[in-house]
Amino acid sequence: KYAYMTGGPYPELSYAAMHQEITGGKMNRGSRPVDGIELIAKRGCPLATPNLPEWFGSPRNFPADAVADRMSYRADEWEECTSVDDVISAILNMDPVNLGFWWYDSDANPGPTGHLPVRGSGGRGGHSLIGCGIVMGYAKSPSGRGVLFNNHHGDKLSSSTVDERGRTLRYPVWGDDGFGVVPVERLVEGIEDFGCYALRTVTIRNEDINVPEPKFQD
């Protein structure tokens, strides 16, 4: 909605700061996708800036200007995705999707590409992420399809030395500047166990964005 109203590009938002707010700054505490969606609807999502680190380790107050700004980036509408097809359809409609899926110890250090396999190794726990693109021809997926997602630690705006469970990262940033790819096969289990929700694009009325009436020649 913000992009429609301003004509500007989609802003870079800090879903991680929102997650920190839900969990009280405890990295090893989880939150379900529906919890994140409800917070986006009520309070909005803060902008990602160096002044608001992705991982700050303990609760801290948002700067006053960030509190005011985040209200511009709220979800007006969302819908539950019950299948991979729903996820792909939503992303192709330019709707970001809050994904939940199992996260393995090996996912902490996937390398500079952030490419995840169908099945990781080591212990596992849930992880909530924002899916924002479709990757065709993804080699690690039997179907050749992957979902591009934004991870919530280790990007260049706020580099991290540890992952969400406190383990040391091998690289200065996680994946490709905080972005990674997960095979769609891995989402099937996650959708069933954690839920999945798309932030829907809402149609804006002309009077809301002051669009001039078109003038046609006879």
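Counting heavy atoms from C-beta outward, Glu38 and Val34 have side chains that approach closer than 4.5 Å. Side-chain contact check for His127 versus Asp107: every heavy-atom pair is 4.5 Å or farther apart. You'll find the side chain of Ser89 stays beyond 4.5 Å of the side chain of Asp86, heavy atoms only. Between Leu187 and Cys196 there is no side-chain heavy-atom pair separated by less than 4.5 Å. Taking the side chain as every heavy atom from C-beta outward, Pro117 and Arg186 approach each other to under 4.5 Å. Side chains of Tyr197 and Ile40 form no contact here, defined as non-hydrogen atoms less than 4.5 Å apart. At a threshold of 4.5 Å between non-hydrogen side-chain atoms, the residues Tyr138 and Val184 do not count as touching.
The backbone N or O of Leu129 sits less than 3.5 Å from a side-chain atom of Asn98, completing a donor-acceptor pair. The backbone N or O of Arg70 lies less than 3.5 Å from no partner atom in the side chain of Arg43, so there is not a single donor-acceptor pair.
Here the shortest heavy-atom pairing between Trp78 and Ala41 reads CZ3-CB, 3.4 Å. Of all heavy-atom pairs spanning Val97 and Cys81, the tightest one is CG1-SG, 4.4 Å. Contact record, Arg145 with Asp85: NH1-OD1, 4.2 Å, taken as the closest heavy-atom pair.
Not a single side-chain hydrogen bond (donor to acceptor under 3.5 Å, both in side chains) links Arg124 to another residue, sequence neighbours left out. Under the side-chain hydrogen bond (donor to acceptor under 3.5 Å, both in side chains) criterion, Asp193 pairs with Trp102, not counting sequence neighbours. Not a single side-chain hydrogen bond (donor to acceptor under 3.5 Å, both in side chains) links Thr113 to another residue, sequence neighbours left out.
Atom OG of residue Ser128 and atom CG of residue Asn151 lie 10.5 Å apart, to the nearest 0.5 angstrom. With rounding to the nearest 0.5 Å, the separation of CG in Leu148 from CD1 in Ile130 is 12.0 Å. Here CG of Leu13 is found 6.0 Å from CG of Leu47. Values are rounded to the nearest 0.5 Å. Summarising the geometry, atom NE2 belonging to His115 is positioned 12.0 Å from atom OG belonging to Ser141; distances are rounded to the nearest 0.5 Å.
Aromatic ring pairs are classed by plane angle as parallel below 30°, tilted from 30° to 60° and perpendicular above 60°; the pair Phe149 and Trp103 is perpendicular.
Met136 and Val181 fall into different hydrophobic clusters, where Ile, Leu, Val, Met, Phe, Trp and Tyr side chains are chained together by heavy-atom contacts under 4.5 Å.
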